[in-house]
K.L.:
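Please find one structure pasted underneath; my questions will follow.
Heavy atoms only: backbone and side chains are in, while hydrogens, waters and symmetry mates are out. Atoms within each ligand, like the ligands themselves, are counted from 1 in listed order.
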Amino acid sequence: MTSNKKPVGLVPLGKVPEIVLKVMADHITRCFKLATQILPPLGQPEYALDEKRLQYNAGIIIETFESMLFSDHHKIIAVLNQDLFIPIFTHVFGEARQGGTCGLVSLFRLAKNPDGSSPSGSLIHERATKVALHELGHLFNLLHCEHKLCLMHFSGSIEELDEMSLHLCEYCSIYLQDKLG
Ligand SMILES: [Zn+2]
Ligand SMILES: [Zn+2]
C-alpha cells in the first residue's frame, strides 16, 4: 500500500461533536479525493497548556503528534475545543507544518460571530471544515494563496474564514493533484 492510499485520520482530542468530524471527513473526500477514518478520541492535550496565556500551544501539540506513530494513516487532523496559539499570533483557528503529518483544528473561536451573535450549527461545521481542509493543504505542502475564495487563503478572522469557499482555486487544485501524484 502506498502512503497515498492510506486514509486521512481524524482524531478528536477530548469531547468533539461527531457531526463535525463527519462533515470534515466528507469534504476531505470530496475536495482531496482521499479516504478518511474517524479515530477514537484521545485526551485533551493538557501538556500544551500555557499557564500565562491560558491557551494551548499548537506547536507543542503538533510536535507530540508527529512523534507518535500513525502508520495506518497518511495524514492526521486532530480536532479540539481548546483555544490555540502560536507565539507570533494571539490565536490561531488551526495549525500545520508545511509537509508535516499532523494538523490541528480548534473549534474554540468558531462558535461566535464577529458581532457577538451565535452562528447556526451548520455554519460552525462549515468553518471547522474550512480550517481542516486548509491545514490538510499545508500537510500536502500547499502554500498560502492570494485568491480570496481559495481554501488556502490565510484567514486570521472569522470574516475572512466566512468569505473563503470550500474549494481550492484552480492553481492550488493543480498543485495538489501534482503532490498527490
Ligand atoms: Zn495557513
Ligand atoms: Zn489557491
K.L.:
Whether D72 and K6 form a salt bridge (side-chain N of Lys/Arg under 4.0 Å from carboxylate O of Asp/Glu) is what I want to check.
P.N.:
no

K.L.:
What N/O/S atom of H138 is the closest to the Zn ion (ligand 1)?
P.N.:
NE2

K.L.:
Sum up the protein N, O or S atoms located under 2.8 Å from the Zn ion (ligand 2).
P.N.:
4

K.L.:
Students often mix this up, so state it plainly: with edges at 30° and 60°, are the rings of F89 and F154 parallel, tilted or perpendicular?
P.N.:
parallel

K.L.:
Which word best sums up how the rings of H144 and H138 line up, parallel for under 30°, tilted for 30 to 60°, or perpendicular for over 60°?
P.N.:
perpendicular

K.L.:
Which pair of heavy atoms, one from T90 and one from Q55, lies closest together, and at what distance?
P.N.:
O-NE2, 2.8 Å

K.L.:
Hydrophobic clustering (ILVMFWY, side-chain heavy atoms < 4.5 Å, transitive) - are I86 and L84 grouped together?
P.N.:
yes

K.L.:
Is the number of heavy atoms from other residues, nucleotides or ligands within 6.0 Å of OH (Y171) greater than 12?
P.N.:
no

